[in-house]
Visitor: 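I'd like to ask some things about the structure below.
We're numbering straight along the sequence, starting at 1. For clarity, every value in this text was computed on a predicted model and none was experimentally measured.
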Amino acid sequence: MREKAVRARAGRTDATSRRRKPWDPAFKALAGLTAALALFTFASAALAEPVRIVAFGDSLTAGYGVPQADAFPTRLEAALRAKGHDVRVENAGVSGETAPQGLARLDWSIPDGTDAVIVELGANDMLRGLDPATTRAALTGIVQRLKQRGIAVLLAGMRAAPNLGRPYQEAYDRIFPELATAEGVLLYPFFLDGVAGEPSLIQSDGLHPNPQGVARIVTGILPKAEALVAEARSSAAGKAQAKPN
């Protein structure tokens with residue numbers, strides 16, 4: 001009797017299994033389609049949001065001596081939007097700031113939800129004659145902490161004035177390209193390219209760009225800024241796809 005009962009139960013189990021098997025491929029296909037739609041929805045939502053960029057720097061970012069409408073972040077946002085990019089560029093520049101000071105305020109200056117950061121620091125370090133090793137360490141800390149937060153980075157380079165001497169100039173000028181290579185981030189080699197040494201593009205203090213100078217900076221950095229937007233978009237889509245259902 002026991003054997004008959006066991007065989008009967010086994011028979012019912014086999015019958016149930018046989019009845020279910022024809023549906024298994026359909027269930028698997030439906031589950032796969034549902035997962036794909038969920039990933040598509042998350043990715044689409046990420047791509048629909050404006051890319052939030054923070055311009056993190058010193059007076060060159062803050063817009064010293066020019067109307068806010070002509071400050072670098074404002075002009076860059078307008079230029080990117082004119083190229084069809086849905087972006088917001090926020091101004092986190094502090095006049096007179098060095099790279100170590102920037103590192104000290106980094107966490108509260110770069111809010112949650114930031115997709116990309118343009119790091120423009122180091123000019124005041126050079127003007128004050130700070131040890132290039134100190135500047136390098138601070139900029140490295142800034143870039144690494146932003147990367148840890150999953151934020152895309154564009155490093156804006158600076159060049160030392162020749163009157164500081166060749167050893168200082170060489171040590172300082174190596175900071176930006178070497179850091180960008182080591183950390184794998186985008187680099188715009190010289191933030192004041194085409195502006196430094198051009199009296200018509202510089203304010204009377206001989207240091208800061210006037211509105212025409214800011215426009216020249218934006219024109220020069222724009223291709224790198226577009227690459228930054230693309231990197232931020234790609235990262236946002238990847239995060240959306242990795243998000244658990």
Side-chain angles (χ1 to χ4, degrees), residues 46-47 49-58 60-62 72-73 76-77 79-80 83 85 87-94 97-126 130 132-160 170-193 217-240 242:
L47 293 174
E49 291 292 323
V51 173
R52 187 177 182 185
I53 303 171
V54 174
F56 181 69
D58 49 39
L60 297 175
T61 292
F72 169 72
L76 180 62
E77 179 178 306
L80 285 169
K83 298 280 270 183
H85 301 288
V87 299
R88 289 183 301 173
V89 182
E90 300 173 12
N91 192 337
V94 175
E97 189 165 75
T98 63
Q101 289 171 329
L103 178 60
R105 71 174 174 98
L106 178 68
D107 292 335
W108 58 264
S109 295
I110 310 299
D112 292 340
T114 298
D115 299 303
V117 171
I118 298 172
V119 179
E120 180 278 302
L121 284 167
N124 289 308
D125 304 52
M126 178 263 296
L130 295 185
T134 300
T135 302
R136 181 190 290 262
L139 289 172
T140 299
I142 290 170
V143 171
Q144 289 180 345
R145 277 160 65 172
L146 291 172
K147 287 175 58 182
Q148 288 168 2
R149 292 175 57 182
I151 296 173
V153 176
L154 169 56
L155 182 63
M158 188 55 59
R159 292 177 184 167
E170 291 179 348
Y172 181 89
D173 289 354
R174 287 198 303 267
I175 293 173
F176 301 93
E178 290 181 356
L179 175 56
T181 298
E183 295 298 331
V185 299
L186 294 167
L187 171 69
Y188 184 60
F190 184 32
F191 189 71
L192 293 175
D193 189 28
I217 292 170
V218 169
T219 298
I221 203 172
L222 187 57
K224 290 291 186 178
E226 289 189 278
L228 182 68
V229 172
E231 185 176 318
R233 284 281 188 210
S234 177
S235 177
K239 289 176 186 176

Visitor: At their closest point, which heavy atom of F176 faces which heavy atom of L155, and how far apart are they?
Guide: O-CD2, 3.6 Å

Visitor: Any non-hydrogen side-chain atom of S109 less than 4.5 Å from a side-chain atom of V54?
Guide: no

Visitor: Hey, does F56 have a side-chain heavy atom less than 4.5 Å from the side chain of T61?
Guide: no

Visitor: Pick from D125, T135, N124, L60: which one makes a side chain to side chain contact (heavy atoms under 4.5 Å, CB included) with M158?
Guide: L60

Visitor: Any donor-acceptor pair under 3.5 Å linking the side chain of T181 with the backbone of P177?
Guide: yes

Visitor: Mind listing the closest non-hydrogen atom pair of P50 and R233 along with its distance?
Guide: CA-NH2, 4.3 Å

Visitor: Any side-chain heavy-atom pair from R105 and V94 closer than 4.5 angstrom?
Guide: yes

Visitor: Please round to the nearest 0.5 Å and tell me the distance separating atom CG of L154 and atom CG of L187.
Guide: 7.5 Å

Visitor: Any heavy-atom pair between the side chains of L76 and I118 that's under 4.5 Å?
Guide: yes

Visitor: Which heavy atom of G122 sits nearest to which heavy atom of D58, and what is that distance?
Guide: N-OD2, 4.2 Å

Visitor: Return the minimal non-hydrogen interatomic distance between A55 and P73, and the atom names on each side.
Guide: CB-CG, 3.9 Å

Visitor: Residues two or more places apart in sequence or in another chain: which of them pass salt bridge (Lys or Arg N to Asp or Glu O under 4.0 Å) with E178?
Guide: R136, R174

Visitor: A138 and P100: which non-hydrogen atoms are nearest, and at how many Å?
Guide: CB-N, 3.5 Å

Visitor: Tell me whether K147 at atom NZ has more than 12 heavy atoms from other residues, nucleotides or ligands lying less than 6.0 Å away.
Guide: yes

Visitor: Under a 3.5 Å distance rule, please check whether T114 uses its side chain to pair with a backbone N or O of P111 as donor and acceptor.
Guide: yes

Visitor: Can you name the closest pair of heavy atoms from R52 and G113 and give their distance?
Guide: CD-O, 3.6 Å

Visitor: Less than 4.5 Å apart, side chain to side chain, heavy atoms only: is that true for H85 and V51?
Guide: no

Visitor: Within the distance-only criterion (no hydrogens, no angle test), does the side chain of D173 pair as donor or acceptor with the backbone N or O of R159 below 3.5 angstrom?
Guide: no

Visitor: Without swapping roles, check the side chain of E120 against the backbone of A156 for a donor-acceptor pair under 3.5 Å.
Guide: no

Visitor: Heavy atoms, side chains only, cut-off 4.5 Å: are L186 and Y188 in contact?
Guide: no

Visitor: Is the closest basic N to carboxylate O distance between R149 and D112 below 4.0 Å?
Guide: yes

Visitor: With rounding to the nearest 0.5 angstrom, report the CG to NZ distance, L222 to K224.
Guide: 12.5 Å

Visitor: Go through the steps to decide whether R145 and L103 satisfy the test side chain to side chain contact (heavy atoms under 4.5 Å, CB included), and finish with yes or no.
Guide: CA-CA 9 Å; R145 277 160 65 172; L103 178 60; 3.3 Å; yes

Visitor: Taking the side chain as everything from C-beta on, heavy atoms only, tell me whether I53 gets closer than 4.5 Å to D115.
Guide: no

